[in-house]
Structures are given as C-alpha cells and as structure tokens.
Amino acid sequence: MKRRSTELALALMLSLPLAVTAVAADAPQALAAKPTTTATATATANVKPVAADAQRVIPLQGAWNVRTFAGLQGRHGPIPADAFVRTADLGRLTDADRDALAAAGVKLDIDLRTADEEAQSPDLLAKDDRFDYQRISLMGTEKMDLQKMMTSFPDSLGEAYVQWLGHSQPQFKQVFQRIAAQQDGAVLFHCTAGKDRTGIIAGLLLDLAGVPKAEIVHNYAISAHYLEGQPKDSAMNAQIMALVKQNPEIGRKMAGMAGTAPENMEQFLAALHSQYGGAEGYLKSIGVSEQEIQQLKVRLGQAG
C-alpha cells in the first residue's frame with residue numbers, strides 16, 4: 001500500500017505545469033512561512049540557454065519547451081536533428097504549429113500524461129492523420145488526487161526521479177519499446193510541464209547515446225527558462241489554491257517542484273549509474289531487448 005501511495009504521489013505532483021506550481025508558490029499563505037532550503041534552491045534555479053541550444057528549439061505559438069537533440073555529441077557522433085522532439089502540453093497548438101511539427105518530421109507522438117490530464121487538455125496531434133499517437137501514463141496512475149499526493153511525496157525532485165526508476169519500470173519499458181518500434185520519422189514525447197516525465201525520458205535517451213553528463217544536466221536545467229511563458233490557467237489551479245489556503249506547507253512543497261535545478265538531474269544520473277550501470281543497464285534490467293536497444297542507438301545516431 002505504501003508503495004502504491006508513493007507512486008500516486010509522484011504521478012500527481014509531476015503532472016503539474018511549471019506555471020501552476022508557481023501560482024501555488026505565490027500564494028500569501030505559502031509565503032507567510034519560511035520555505036524549506038530544498039524548495040528555495042529548486043524554485044529559484046533558472047539556468048540560461050547558451051548559443052548552441054538555439055539550434056535545438058522549435059518555436060511554436062501554442063507549446064513551450066519544444067526542442068530536439070540536434071547536435072548533442074554522443075559516443076559515435078552527433079544526434080540527428082530528426083530523431084526526437086521533447087515538449088510540454090500540446091493542448092494549445094495552432095494549425096501552424098501542427099504544420100511545423102509535421103515539417104520537422106514528427107511521425108509519432110507519445111503522450112506521457114494521465115487520462116485525467118489528457119481529458120483536461122486533449123493532445124491536438126491525436127486526431128491529426130499525419131501523426132501516430134499513443135498515450136502511456138508514465139507513472140501508471142490515471143487519476144489525480146491533489147490532497148493525497150502531498151502525503152508521501154519526496155523532499156526533492158531529484159529524489160522523486162530516483163524513486164521513479166523503481167516504481168514505474170513497466171511503463172518505462174513500454175515507452176522505450178514503442179520508440180524502438182518506430183521505423184521512420186521523429187518521435188515526439190511530452191507530458192504537461194515538459195520537464196519531469198519528459199526530462200527523465202530525455203535523460204535516459206541522452207545517457208544511452210553517451211552524451212556527457214554535464215550536457216545532459218544542462219539540457220534538463222534549461223527547461224525552466226523555456227517554460228517561463230507557459231499559461232497559468234490550468235483547470236487544476238482552483239484545486240491547488242484551495243489546498244494552499246488550507247495548508248501552507250503544500251504551497252512551500254509545490255514551490256520546490258517548480259524549477260529544473262541541475263542537482264535534480266545530477267542526483268538522477270548518479271543513481272542511474274550506481275544502481276544500473278547507466279541507461280543501457282537500466283533498459284536491460286526492465287526487459288528491453290538487445291535488439292530494441294540497438295534500434296534506439298540507431299535512432300540516436302550511435303550505431304557504431
């Protein structure tokens with residue numbers, strides 16, 4: 001029962017958009033009490049992109065943090081521009097945005113969100129015949145209960161990411177097998193905020209490719225910058241604000257979930273390597289086959 005409640009807490013907390021957790025952090029009740037050290041460090045961290053990051057951005061009107069892995073150096077060369085696209089929620093895409101994603105070569109859209117999230121903000125690529133669509137709730141749950149989620153959520157996002165590796169192995173396996181099965185075009189993957197579930201899938205792919213740790217951490221940490229304009233009018237706002245009024249501690253904890261501090265990914269990668277020997281060892285441990293891992297490496301431009 002404890003493990004299941006922890007899984008639910010992780011799923012629900014990591015479904016919240018960056019802007020929504022920022023709203024909770026701004027609530028007067030949350031600010032009345034002194035925030036924890038962890039929350040403060042995570043919420044205020046905002047790593048800026050460097051010049052090389054610009055080549056990876058796909059500018060869209062209705063989606064945020066839309067980026068490829070173009071040019072990131074793996075063990076055997078750069079990752080192709082048309083391999084992957086990572087992004088946040090796709091419920092506000094314009095017609096021009098969909099055309100841009102098609103022009104970027106996207107063929108498969110993997111939605112990592114819960115059924116509740118999809119119902120609140122339907123993925124606008126799902127009914128576009130140019131794209132294949134598959135939703136895989138990465139954390140396993142399909143429902144959201146904001147009250148329950150705070151009872152067992154870890155003290156930091158980094159700790160949550162590490163727990164995630166153990167709790168959601170069937171879902172990770174499904175995601176990576178689906179990617180491996182895609183023979184053509186770019187694979188797009190996204191959640192709501194585009195930083196946690198999306199960030200960990202990106203981290204695993206980049207580690208599998210042999211991208212240096214510092215580059216993986218940077219790729220994760222700049223998400224907060226690219227999410228600065230994400231709208232705050234989520235359907236979850238009213239629930240969040242009501243909870244914050246009842247319990248300021250919730251507001252402080254949510255503030256700690258708002259950013260993409262480098263130490264979150266550093267903690268995740270350290271555990272990934274100490275416990276599994278890296279992404280390849282992890283994928284093998286959860287049942288992804290050698291052939292599927294090779295297909296992933298081919299997509300990443302690392303077949304050598």
Side-chain angles (χ1 to χ4, degrees), residues 1-16 38 42 86 110-117 134-146 148-180 189-209 211 213 216-217 219-221 223 253-254 256-257 260-290 292-293 296:
M1 180 62 70
K2 182 178 180 182
R3 172 172 171 160
R4 179 59 185 162
S5 65
T6 301
E7 290 173 354
L8 180 62
L10 290 172
L12 299 178
M13 192 67 231
L14 299 179
S15 74
L16 300 178
T38 299
T42 308
R86 56 168 296 169
I110 298 180
D111 185 344
L112 303 171
R113 302 174 301 160
T114 66
D116 275 1
E117 290 172 275
Q134 183 166 358
R135 190 179 62 77
I136 303 169
S137 179
L138 191 60
M139 296 306 299
T141 187
E142 299 290 1
K143 298 291 183 181
M144 287 189 277
D145 186 328
L146 295 173
K148 286 183 179 179
M149 76 182 182
M150 298 311 300
T151 62
S152 57
F153 195 80
D155 290 333
S156 72
L157 280 174
E159 184 180 348
Y161 297 165
V162 173
Q163 290 185 17
W164 202 351
L165 285 173
H167 292 164
S168 298
Q169 292 184 359
Q171 290 76 32
F172 277 105
K173 178 181 178 180
Q174 188 179 2
V175 168
F176 282 96
Q177 287 184 324
R178 181 63 187 89
I179 294 172
F189 56 97
H190 78 94
C191 53
T192 293
K195 70 184 186 73
D196 298 309
R197 288 165 291 186
T198 300
I200 296 308
I201 294 296
L204 286 165
L205 286 167
L206 295 178
D207 189 80
L208 181 64
V211 174
K213 174 186 171 182
I216 300 174
V217 171
N219 187 268
Y220 164 83
S223 282
K253 203 163 193 179
M254 284 184 173
M257 304 302 113
T260 50
E263 54 263 32
N264 296 330
M265 182 56 64
E266 290 169 352
Q267 183 174 0
F268 172 78
L269 292 174
L272 178 68
H273 280 265
S274 66
Q275 295 177 25
Y276 302 98
E280 183 163 356
Y282 178 71
L283 294 177
K284 289 178 180 177
S285 76
I286 63 175
V288 179
S289 71
E290 293 273 7
E292 289 165 334
I293 291 171
L296 292 170

S.K.: Checking side-chain polar atoms at under 3.5 Å, does N264 have a donor or acceptor matched by the opposite partner on Y161?
M.R.: no
S.K.: Between V217 and E266, what is the shortest heavy-atom contact and its length?
M.R.: CG2-CG, 3.7 Å
S.K.: Can you measure from CD1 (I286) to CG (L165) and round to the nearest 0.5 angstrom?
M.R.: 9.0 Å
S.K.: S285: what forms a side chain to side chain donor-acceptor pair (under 3.5 Å) with it, not counting sequence neighbours?
M.R.: none
S.K.: What are the two closest heavy atoms between S156 and E159, and how far apart are they?
M.R.: OG-N, 3.1 Å
S.K.: Of all the heavy-atom pairs spanning S223 and G194, show the shortest one and how long it is.
M.R.: OG-O, 4.0 Å
S.K.: Do K213 and H273 have side chains that approach each other closer than 4.5 Å (heavy atoms only, starting at C-beta)?
M.R.: no
S.K.: For a quick test of reading the model, state the closest non-hydrogen atom pair linking Y220 to K195 and the distance between them.
M.R.: CE1-O, 3.5 Å
S.K.: Roughly how far, to the nearest 0.5 Å, is the CG atom of N219 from the CD1 atom of I216?
M.R.: 8.5 Å
S.K.: Is the shortest heavy-atom distance from the side chain of W164 to the side chain of F268 under 4.5 Å?
M.R.: no
S.K.: Let me confirm one number: the CG-CD distance from L283 to E290, rounded to the nearest 0.5 Å.
M.R.: 10.5 Å
S.K.: Tell me the closest heavy-atom pair linking C191 and L112, and the distance in Å.
M.R.: CB-CB, 4.4 Å
S.K.: Give a yes or no answer on whether the side chain of D207 reaches the backbone of A279 with a donor-acceptor pair at less than 3.5 Å.
M.R.: yes
S.K.: Partners of V162 by side-chain contact (heavy atoms from CB on, under 4.5 Å), sequence neighbours excluded?
M.R.: Q267, A271, Q275
S.K.: List the steps and the verdict of side chain to side chain contact (heavy atoms under 4.5 Å, CB included) for I201 and L138.
M.R.: CA-CA 10 Å; I201 294 296; L138 191 60; 4.1 Å; yes
S.K.: Between T260 and L157, is a side chain to side chain contact (heavy atoms under 4.5 Å, CB included) present by the stated rule, with each step listed?
M.R.: CA-CA 9 Å; T260 50; L157 280 174; over 6 Å; no
S.K.: Working note: R197 + F189, criterion side chain to side chain contact (heavy atoms under 4.5 Å, CB included); need CA distance, chi angles, decisive distance, verdict.
M.R.: CA-CA 9 Å; R197 288 165 291 186; F189 56 97; over 6 Å; no
S.K.: Quick test of your reading: applying salt bridge (Lys or Arg N to Asp or Glu O under 4.0 Å), list the pairs with at least one residue in residues 161-172, sequence neighbours left out, ordered by first then second residue.
M.R.: none
S.K.: Please find the pair of heavy atoms, one from T114 and one from T141, that lie closest to each other, and give the distance.
M.R.: CG2-O, 3.4 Å
S.K.: Please identify each residue that fulfils salt bridge (charged side-chain N to carboxylate O under 4.0 Å, His left out) with R178, with sequence neighbours left out.
M.R.: none
S.K.: Does some side-chain heavy atom of L205 sit less than 4.5 Å from a side-chain heavy atom of F176?
M.R.: yes
S.K.: With R86, which residues qualify under salt bridge (charged side-chain N to carboxylate O under 4.0 Å, His left out), at least two apart?
M.R.: none
S.K.: With side chain to side chain contact (heavy atoms under 4.5 Å, CB included) as the test, would you mind laying out the steps for F172 and V288 before giving the verdict?
M.R.: CA-CA 9 Å; F172 277 105; V288 179; over 6 Å; no
S.K.: What residues, two or more places apart in sequence or in another chain, satisfy side chain to side chain donor-acceptor pair (under 3.5 Å) together with E292?
M.R.: Q177, S289
S.K.: Who pairs with A270 by side-chain contact (heavy atoms from CB on, under 4.5 Å), at least two apart in sequence or on another chain?
M.R.: none
S.K.: Going by the rule side-chain contact (heavy atoms from CB on, under 4.5 Å), which residues pair with Q174 if we only count those two or more places apart in sequence or in a different chain?
M.R.: Q134, I136
S.K.: For residues 267-283, which residue pairs qualify under salt bridge (Lys or Arg N to Asp or Glu O under 4.0 Å), counting only residues two or more places apart or in two chains?
M.R.: E280-K284, E280-K297
